[in-house]
Amino acid sequence: MFLPPADEATQALEKRASGPITVPSLYLHGADDNCMSVELSDGMDALFQNGLERFVVPRAGHFLHLEQPRTVADHILRFLNN
């Protein structure tokens with residue numbers, strides 16, 4: 001995930017996928033995630049041409065959709081209905 005892929009086909013696909021994101025986007029991250037640091041998403045707003053809504057979900061770890069399902073669902077539904 002953090003190392004470049006070894007084969008050329010995957011490198012080409014990764015290059016295509018690593019450009020700016022052109023659709024409105026929602027990013028949810030658990031405040032207590034001990035697998036991926038919430039700071040990984042710091043500053044990524046510049047990659048989203050049509051906006052990025054970023055929420056850190058309290059009392060949720062890496063599996064925030066299982067730990068705080070109502071909160072996650074509420075954020076997703078609000079985002080989709082706007």
Side-chain angles (χ1 to χ4, degrees):
M1 187 163 89
F2 295 107
L3 299 175
D7 64 284
E8 290 183 29
T10 306
Q11 288 173 1
L13 182 60
E14 187 174 85
K15 185 175 181 177
R16 280 184 50 211
S18 64
I21 297 169
T22 59
V23 297
S25 301
L26 173 66
Y27 178 84
L28 302 174
H29 197 110
D32 303 325
D33 188 335
N34 290 318
C35 182
M36 305 285 284
S37 171
V38 71
E39 287 82 18
L40 285 174
S41 63
D42 286 349
M44 69 181 198
D45 303 62
L47 300 172
F48 294 81
Q49 294 180 340
N50 283 306
L52 171 67
E53 290 188 39
R54 178 181 178 260
F55 293 99
V56 177
V57 179
R59 298 176 311 282
H62 191 66
F63 298 101
L64 61 156
H65 60 294
L66 299 175
E67 299 165 36
Q68 296 290 334
R70 181 63 180 188
T71 299
V72 169
D74 287 347
H75 279 295
I76 293 170
L77 291 172
R78 185 200 43 76
F79 179 79
L80 293 174
N81 285 316
N82 284 334

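One distance of note links CD of Glu53 with CZ of Phe79; it measures 5.5 Å at 0.5 Å rounding. In this structure, CG on Leu40 lies 6.5 Å from OH on Tyr27, to the nearest 0.5 angstrom. Separation of atoms OG (Ser18) and CD (Gln11) is listed at 11.5 Å; rounding is to 0.5 Å. Interatomic distance, Asp7 CG to Leu13 CG, rounded to the nearest 0.5 Å: 9.5 Å.
With Asp33 contributing its side chain and His29 its backbone, the two residues share no donor-acceptor pair below 3.5 Å.
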Legend entry - Residue pair Thr71, His75: steps toward the side-chain contact (heavy atoms from CB on, under 4.5 Å) verdict: CA-CA 6 Å; Thr71 299; His75 279 295; 3.8 Å; yes
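The minimum heavy-atom distance between Arg54 and Ser41, with the atom names listed, is NE-OG, 2.5 Å. Of all heavy-atom pairs between Phe48 and Met44, the closest is CD1-O, 3.2 Å. In plain terms, the two heavy atoms of Gln49 and Pro20 that are nearest each other are NE2-CB, 3.4 Å. Pro58 approaches Ala31 most closely through the heavy-atom pair CA-CB, 4.0 Å. The two residues Cys35 and His62 come nearest to each other via the heavy atoms CB-ND1, 3.6 Å.
The hydrophobic clustering, which links ILVMFWY residues whose side-chain heavy atoms are closer than 4.5 Å, places Leu28 and Phe63 apart. By the criterion of side-chain heavy atoms lying less than 4.5 angstrom apart, applied directly or through intervening Ile, Leu, Val, Met, Phe, Trp or Tyr residues, Leu26 is grouped together with Leu64 in one hydrophobic cluster. Note on Leu77: it does not cluster hydrophobically with Phe55, by side-chain heavy-atom contacts below 4.5 Å among ILVMFWY residues.
Salt-bridge annotation for Asp74 and Arg70: present, with a side-chain N of the basic residue lying under 4.0 Å from a carboxylate O of the acidic one.
The environment of CD in Glu39 is crowded: more than 12 heavy-atom neighbours from other residues, nucleotides or ligands sit within 6.0 Å.
The side-chain heavy atoms of Val23 and Asn50, taken from C-beta on, include no pair separated by under 4.5 Å. With a 4.5 Å cut-off on side-chain heavy atoms, Gln68 and Arg59 count as touching.
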